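Down below is the structure, laid out as structure tokens.
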Protein chains: 2
Amino acid sequence: MLTERQLFLLKLLVNDYIKSAEPIGSRAISKRDDVQFSSATIRNELADMEELGYLEKPHSSSGRVPSEKGYRYYVDHLLSPAMLSKQEMVDIKKAFREQYYELEKLIQGTADILSDFTNYTSIVLGPEVLETKLKHIQMISLSAETSVLIIITNTGHVENRTVSLPKGIQPQEIEKLVNILNVRLKGTPLYKIKFAIDREIKDVLRQHLSQYQLAIKMLNEALSYHPLDQIYYGGKTNMLAQPEFKDIDKVLPLLNALERKDIVYDLLKPIGDSRIHIKIGQENDFNEIKNCSVLTASYSIGGEHLGTVAVIGPTRMTYPKVVTLLDIVSRSLSKSLTERYQGY
Amino acid sequence: MLTERQLFLLKLLVNDYIKSAEPIGSRAISKRDDVQFSSATIRNELADMEELGYLEKPHSSSGRVPSEKGYRYYVDHLLSPAMLSKQEMVDIKKAFREQYYELEKLIQGTADILSDFTNYTSIVLGPEVLETKLKHIQMISLSAETSVLIIITNTGHVENRTVSLPKGIQPQEIEKLVNILNVRLKGTPLYKIKFAIDREIKDVLRQHLSQYQLAIKMLNEALSYHPLDQIYYGGKTNMLAQPEFKDIDKVLPLLNALERKDIVYDLLKPIGDSRIHIKIGQENDFNEIKNCSVLTASYSIGGEHLGTVAVIGPTRMTYPKVVTLLDIVSRSLSKSLTERYQGY
DNA sequence: AATTAGCACTCGACATCATAGAGTGCTAAC
DNA sequence: GTTAGCACTCTATGATGTCGAGTGCTAATT
């Protein structure tokens, strides 16, 4: 186990390294006002902690750098959440008080706040379509052959799809069809809609619609496709400014990984029940981001999990600040959403 | 004026440089099968063309590189559009035949094709909201206090905005309101809607609605905000793979510039009447992209200009291929849109 | 008069080498 | 247990030298 003094030094070293991005030497530590011991003492302590795996040296005669184990210990036991400046708090409050005319804007705004305030990259997973329920369905004709099908969910999300109308179907038929769908499917989770049509609505449709086969076919096409591209980014290029990514070969695989939906979904999948979840370096399963840490928090409407907000940056990340910010932002987003869409 | 032989050499040099990204020397040219003259002759010709401003040397004893004037001449007089491979043509056809359920997807798909096939960055300006007309308006209640206002345009674009309902307004009133709006405002260009409400609808509303002041206020709020964020990107990180941007300080200002809407709007503003418009290096007004060329084409529905597609890459760009691709893609997009949304 | 061979010269790329400086580990003294 | 002292290690930096691709110019050739 680490001694009191070792913990003190570890915390100090991690904090300094996060600021400077340079390996920290014993002399630099001993010079600080809040440190009384000589550099030799510190050298001994650092050597011990290195042996225990909390620190590393980039090369044999350089200063120390936290290892992943070191970061993990720091995050679990030594991290004291940062205070945000008054100005920052005001800015955040203001951003969430603003009138957003679309749910998408609110979420994008959240991503922007996270990246602007951290200088890292932020990712926000939009409300999961799979878990949202149908509120209202509407079909609006564009021309003789095309209509726009509009699906509104309980979360205020609006989905629209252009559909080609089967030839020969009557406008009144469409109207009837939409009416039936609205009455029967209201409250159905989106992912169950196709199933519900097949099981419950088919017969009703057959009774009321002359062109019922065509209608079924059209509905199946329009509803079959689940666009899950609900990923919002902020500060995508912020990574480029981090010294650890100063050469392009390091940053390119990273940026490409962040474009891949499967990877992002996996990185942000909610785990554990702590408010903020932290994954450091290799704890993330992807080689492309082995030098990065991912901090996630979830947001909700009225307590029900809706989506995830995340910040991704180098393992050498300002954890205290990001933790605080994620906490505030995820709460603010939940609050804002709940106020707006609670009564579904 | 340039001699026949000089033109031949210029074209050849530009083509080679585009491929290799290395300065081209006289010896390398003379070694080619299709070149008969000795390297000394070529040296003389190159020196002459340099004096005329068509070529440059990175340093005094290196090979030649095209100047912007050289690229401009090449593009205006020497460029022969490339043929796409059969496979490429098939892929494009396939992409545009695909069923897109939302206008946005079709446009994003277009951007993706452009960037995938060129390895540069593509930008597509979505249909300009300002020039599109109201097709249908709809209001769907989410809760007692909030509704979603849905605006559908003749281009199949669906806009949705969350509005807070004034307290005390009756559902029937809302219904009446929406009916009036639909009857009166159909076909009105979006940017004129507020104006139209003020001029024409006010009185009608006063006659029919008890809470007419509240309704007006709400409408003004909901319709006042014009989201113009209709910029779709493809291959944002492709620039990083270009040798001219191998160090991050060169590429960061570029990427940031491409995030700025004002800059992008300016870069893509339609000019001239040629199908493909090319701006080389400094011809673009922004310092951040002085090493880049921007190629644009416009797309339309039934002949009416709707938006712009563009490819941005280093001045050392494969102009022939990009020109051909932009031509095909912009035509395909126009065709696809016209088929779908023509009958507005 | 146009073309080409020949040659001295230029400049960047690359490798080699020396040096300075920050940092360590170890030993012995406090 | 702590610290001063010192030899040692490794990187970063800059100076130096060499190689090769390329040029410009002159004189010879066609």
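Each chain gets a letter, A, B and so on, in the order its sequence line appears, and its residues count up from 1. Just so you know, these numbers come straight off a predicted model, no measurement behind them.
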> Counting just side-chain N and O atoms, does A:K57 come under 4.0 Å of either OP1 or OP2 of C:dG25?
Replying inline: yes

>> Output the rounded distance in Å from CD1 (A:I29) to C1' (D:dT3).
In response: 16 Å

>> Surrounding CZ of A:R72 (heavy atoms of other residues, nucleotides or ligands, distance under 6.0 Å), is the total greater than 12?
In response: yes

>> From C-beta outward on A:E50, which listed nucleotide comes closest to its side chain: D:dC10, D:dG24, C:dG25?
In response: C:dG25

>> Here's one to test your reading of the geometry: is the NZ or CZ of A:K236 within 45 degrees of the ring axis of A:Y233 and under 6.0 Å from its centre?
In response: yes

>> Check whether A:T324 reaches the backbone of A:P81 with its side chain - one donor and one acceptor, N or O, closer than 3.5 Å.
In response: no

> How long is the line joining CE of B:M49 and C1' of D:dG24, in whole Å?
Replying inline: 16 Å

> Can you pull the ring-ring contact (aromatic ring centres under 6.0 Å, His included) pairs that have at least one residue in residues 8-56 of chain B, sequence neighbours excluded?
Replying inline: B:Y54-B:Y73

>> For DNA chain C, which residues of residues 32-46 of chain B approach it to below 4.0 angstrom with any heavy atom?
In response: B:F37, B:S38, B:A40, B:T41, B:R43, B:N44

>> Please enumerate all residues that pass side chain to side chain contact (heavy atoms under 4.5 Å, CB included) together with B:K246, with sequence neighbours excluded.
In response: none

> Can you check whether A:R64 has a side-chain N or O nearer than 4.0 Å to OP1 or OP2 of C:dG25?
Replying inline: yes

> Can a side chain N or O of B:S62 be found less than 4.0 Å away from OP1 or OP2 on D:dA21?
Replying inline: no

>> Heavy atoms from C-beta onward define the side chain here; which of C:dT3, C:dG23, D:dT11 lies closest to that of A:S61?
In response: C:dG23

>> What is the distance, to the nearest angstrom, from the CD atom on A:E56 to the P atom on C:dG23?
In response: 18 Å

> Any Lys/Arg nitrogen of A:E50 or A:R64 sitting under 4.0 Å from an Asp/Glu carboxylate oxygen of the other?
Replying inline: yes

> Counting just side-chain N and O atoms, does A:S60 come under 4.0 Å of either OP1 or OP2 of C:dG23?
Replying inline: no

